[in-house]
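Here the structure is laid out as structure tokens; the discussion comes afterwards.
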Amino acid sequence: MVLTLDSVTDGTRLLSAHPTKPIVAYEAETFVVLWDYAADKKYMLSGHTAPIGALSFTRDGLMVLSVEVGYQPKLILWRWRQLTAVSHAIAPTKNRRKSIKHISVDFSHDNELLVCVEGDINGR
């Protein structure tokens, strides 16, 4: 099956599919949009103050993580079924002099480890 996000604004570039449910998470600037494509319903999650740069469902599908870009990126872990934030955190910095423009996140198979990779446009 191929799904097309026809009604998404032109700026959307990130999405994460739920591992077992008909749910897709995508970003809309500072919002996370959860789309139940079986019921064709969309739900907005707000809590970010900067554009979202990464999204990922946990492997068990219970939560979705969103991470914003910027000098001090905020990470928010959401319980998608309840549409609520479980945890907020600021990504640790190592004397960061540049704003993070690109970030990728993923969870280990047991959800015990969150892997975050950041870089600039040249991959550094």
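In what follows, residues are counted from 1 in the order of the sequence shown.
Between R79 and L62, every side-chain heavy-atom pair lies at or beyond the 4.5 Å cut-off. W80 has its side chain within reach of K21: a pair of non-hydrogen atoms, C-beta onward, lies under 4.5 Å apart. Inter-residue side-chain proximity for L15 and W35 is flagged as unmet; no heavy-atom pair is nearer than 4.5 Å. Two residues are said to be in side-chain contact when any heavy atoms from C-beta on lie closer than 4.5 Å; L55 and V67 fail this criterion. By the 4.5 Å heavy-atom criterion applied to side chains, T58 and L65 are not counted as neighbours.
A donor-acceptor pair under 3.5 Å is absent between the side-chain atoms of W78 and the main chain of S87, judged by distance alone. Without hydrogens or angle criteria, E27 side chain to E29 main chain gives a donor-acceptor distance under 3.5 Å.
The minimum heavy-atom distance linking L34 with A25 is given by the pair CD2-CB, 3.7 Å. Nearest heavy-atom pair, P19 versus D60, reported as atom, atom and distance to 0.1 Å: CG-C, 4.4 Å.
Within the model, atoms OG of S16 and CD1 of I23 stand 11.5 Å from one another, a figure rounded to the nearest 0.5 Å.
Every salt bridge (Lys or Arg N to Asp or Glu O under 4.0 Å) that R59 has, sequence neighbours left out, goes to D106. Here P22 pairs with D36, Y37, A38 under the side-chain contact (heavy atoms from CB on, under 4.5 Å) rule; sequence neighbours left out.
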Please table the atom pairs, donor to acceptor, closer than 3.5 Å between any side-chain atom in residues 43-50 and protein atoms at least two apart or in another chain.
{"residue": "H48", "atom": "ND1", "partner": "E68", "partner atom": "OE1", "Å": "2.8"}
{"residue": "H48", "atom": "NE2", "partner": "S66", "partner atom": "OG", "Å": "2.6"}

